[in-house]
Structure formats: structure tokens, C-alpha cells
Colleague: 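Sending over a structure as C-alpha cells; questions will come in a sec.
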Amino acid sequence: MFIYKHRGFIFLNTNRNVMPENSIKEQTDQAKLTNLNNVQVMGILNVTPDSFSDGGKFAHFDNALKQVELMEENGVDIIDIGGESTRPGAVDVNEKDEVARVIPLLKAIKSRFNMRVSIDTSKAVVMSEAIAYGADMINDVRALQNEGCLDVIAQSDVLVCLMHMQGMPRTMQENPQYKNIINDIISFFAERIESCAKKGIKKDRLILDPGFGFGKTLEHNYQMLGQFSLFKKLNLPLLAGTSRKSMLGNLLNRDVNQRLAGSLTTAIVAVQQGASIIRVHDVAETVDAIKILTAVAQYQK
Ligand code: 7PJ
């Protein structure tokens, strides 16, 4: 087990809800804090006009800020701003438009709230601008594979989420195939960690995410969730994003606005298997669920 702190985030590399051998009273303050507070809720703020779940709702600046305020009241730990739609079939957005969508909002949040902000982008230019305006994390569904991204990150001290995706959004759901999905994703992560290391980006800034819905069949998604704890093998904090995704809709036959139970259940499963960050639309409900898990965890071996 190891514990580390980076830019206010505390990560504990073990199953978050399994207490160590000694009782809670005997633990150090840091261990207590780590065990009870270390699951972070990341609130999704899509500022794309064509997002699948909140399509266009927060494209307007004031609405976006109101949503941030609401998420803050509900106990969010970090806001993830996305200006590029990566839903299956989505078309690419150009750099200029993405910067214009994301950066003013980042600036406004940083000046009005005491809030950590992640920027969901795969473009070096957007990363660089975001870092200049105080982003705390870069969340890249392409795991820094685009040109210039590794260099931009190497010159900064932000956290980075490296997500796995097979194919590209426009076609990724057509026929995803793996030899063994868990091993294939672990190999991908190992290669990306190595590429980061070569540029001087140390492991203690990295977070891994297997990328639910990104080039995965329904079965692949549930295998990843069921075996999520296997991704702990790489000794890095894990992020899980299942919120309102079609892996829920397709199993439950529910529209996108009827997927709260599915979103919470999958979030709970991920946390129980060691996820450190849960990326969600429904912040209040997820924070409640995690509080319950935390209360229960005190009594679990
Ligand atoms: C994810 C993401 C995810 C990470 C999106 C959606 C589609 N970033 N960006 N993980 N999904 N790290 O919001 O459902 O699962 S966009």
C-alpha cells in the first residue's frame, strides 16, 4: 500500500473501502483522512453543443457557472470541463473552437470558486492554455498520444488522467476487439506510462482510466467493471466514468435521463474495487452513495 498527496489530492493505492488491520482509532490522522476522504467525485461539465446526456444545456456560460455552483453545494471535489464531444459518432472540433469553449469558463471558475478543475481535452494547444489558466488536471481520452501533448505536460506539474480508447470516437463502437481486454488495457497503460517517463513525467502525476464505452462492447464494459480491481496492478490511482453511459441504457433499456440507479450502482462497484475518482453527472447522489460506503467501510475487514 502507498499513500501520496499531489496538489491537494490524496491517493491511497489499495481498496478504498477495506480498512487496514488496525482499528480506525489507532490510525494516524493521514491514514484516517486517506481512508475516509480519498474517493473524489469529479463532476462533468460538458460545454459541447452535442453532448449525449446534457446536450447543449451548459453551452451557455451562465448556465455552466450555475451548474458549477450547484455541484459545489453538492460536494464535488473536481469539475471536469469538456469542450470536445467524444460520444460515439462525434465529429472533431477544431482547436480554436475548443479553446473558446473551455478557457473562458476555466478562468471564470478559477476566479469565482475555490475549486479544482480538470480539462477534458486531447489537444496540446488546449492543454497548454488550460495549464496557463490554472487547470489542476488534464483528462485525456487519448492518453497524451496526440502530437505535442507529452511535451506540454512535461513542462507543467498538473495531474493527468490517461484513458484507454480503442479506435477513434467516430468509429470506435463499430467492432471493438481484444485478445484479453484487461491485459490489453494494462499493456496500453504500461506503454503510456513509459512514454511519459521518457519525457520526465513522473508516475505520481498519473491517473489511469480504462475508458468505459470507448471502443468496448456491452460485455467488454461489464467485464472491465467486474474486474476493475485488476487495474490496480499498475499501482496508480484509478478513475471510473460510467455515468449515464449506454452500457447502462443498453442493459436496462433506459433513456439517458433514467440511468441514475445504473450510474450509482456502477460507481459503487468501481469504488469498492479501488477507484479513486468517480466521474459523474449526478454529484449529490454520488456523494451520498460514497458517504454510505465510507460509513460501512469502518466495520469491514
Ligand atoms: C470519459 C471521459 C471517461 C474520462 C468522457 C461521457 C463521454 N474522460 N470523457 N473517462 N467519458 N477520463 O461523458 O460519457 O469515461 S466523454
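Order of appearance sets the numbers: ligands from 1, and atoms from 1 within every ligand. When reading the values below, keep in mind they use all heavy atoms of this one structure, side chains included, and skip hydrogens, waters and symmetry mates.
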Colleague: Tell me, which pairs form a salt bridge (Lys or Arg N to Asp or Glu O under 4.0 Å) where one or both residues lie in residues 166-185, sequence neighbours left out?
Modeller: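 Passing the test, one end in residues 166-185: no pairs.
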Colleague: Can a salt bridge be assigned to the pair Asp77 and Arg116 using a cut-off of 4.0 Å between side-chain N and carboxylate O?
Modeller: no
Colleague: Which of the numbered atoms in ligand 1 are below 4.0 angstrom from a heavy atom of Cys161?
Modeller: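 Those of ligand 1 that fall under 4.0 Å from Cys161 are 12 (N).
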Colleague: Could you tell me whether His281 and ligand 1 have an N or O pair separated by under 3.5 Å?
Modeller: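 No, no N or O pair falls under 3.5 Å.
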Colleague: Ala275 and Val39: which non-hydrogen atoms are nearest, and at how many Å?
Modeller: O-CG2, 4.1 Å
Colleague: Under 3.5 Å between some N or O of ligand 1 and some N or O of Asp120?
Modeller: yes
Colleague: Could you list which atoms of ligand 1 come closer than 4.0 Å to a heavy atom of Thr86?
Modeller: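 Here the atoms of ligand 1 in question are 16 (S).
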Colleague: Answer yes or no: does an N/O atom from Lys245 fall short of 3.5 Å to an N/O atom of ligand 1?
Modeller: yes
Colleague: Closer than 4.0 angstrom, basic N to acidic O: yes or no for Arg205 and Asp157?
Modeller: no
Colleague: Of all the atoms in ligand 1, which lie at a distance below 4.0 Å from a heavy atom belonging to Gly241?
Modeller: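 Counting atoms of ligand 1 from 1, those under 4.0 Å from Gly241 are 15 (O).
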Colleague: Say whether Asp209, considering both its backbone and side-chain N or O atoms, lies within less than 3.5 Å of an N or O atom on ligand 1.
Modeller: yes
Colleague: Would you check whether Gly211 reaches within less than 4.0 Å of ligand 1, judged by its heavy atoms?
Modeller: no
Colleague: Classify the side-chain pair Glu84/Thr48 by whether it contains a donor and acceptor separated by less than 3.5 Å.
Modeller: no
Colleague: Have Ser122 and Asp140 got a donor and an acceptor in their side chains that come within less than 3.5 Å?
Modeller: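 There is such a pair (donor and acceptor under 3.5 Å, judged by atom type) between the side chains of Ser122 and Asp140.
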Colleague: Taking 4.0 Å as the limit for heavy-atom contacts, which would you say applies to Val141 with ligand 1: side chain only, backbone only, both, or neither?
Modeller: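 Answer for Val141: side chain.
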Colleague: Look at the rings of Tyr178 and His164 and say which category their plane angle falls in: under 30° parallel, 30 to 60° tilted, over 60° perpendicular.
Modeller: tilted
Colleague: In terms of side-chain geometry, is the basic nitrogen of Asp136 or Lys110 positioned less than 4.0 Å from the acidic oxygen of its partner?
Modeller: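 Yes.
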Colleague: Below the 3.5 angstrom mark, is there an N/O of Ser243, backbone or side chain, next to an N/O of ligand 1?
Modeller: no
Colleague: With a cut-off of 4.0 Å, which atoms of ligand 1 are near a heavy atom of Leu239?
Modeller: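 Every atom of ligand 1 under 4.0 Å from some heavy atom of Leu239: 12 (N).
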Colleague: Side chain, backbone, both or neither: which applies to Arg279 and ligand 1 if a contact is any heavy-atom pair less than 4.0 Å apart?
Modeller: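 Just the side chain.
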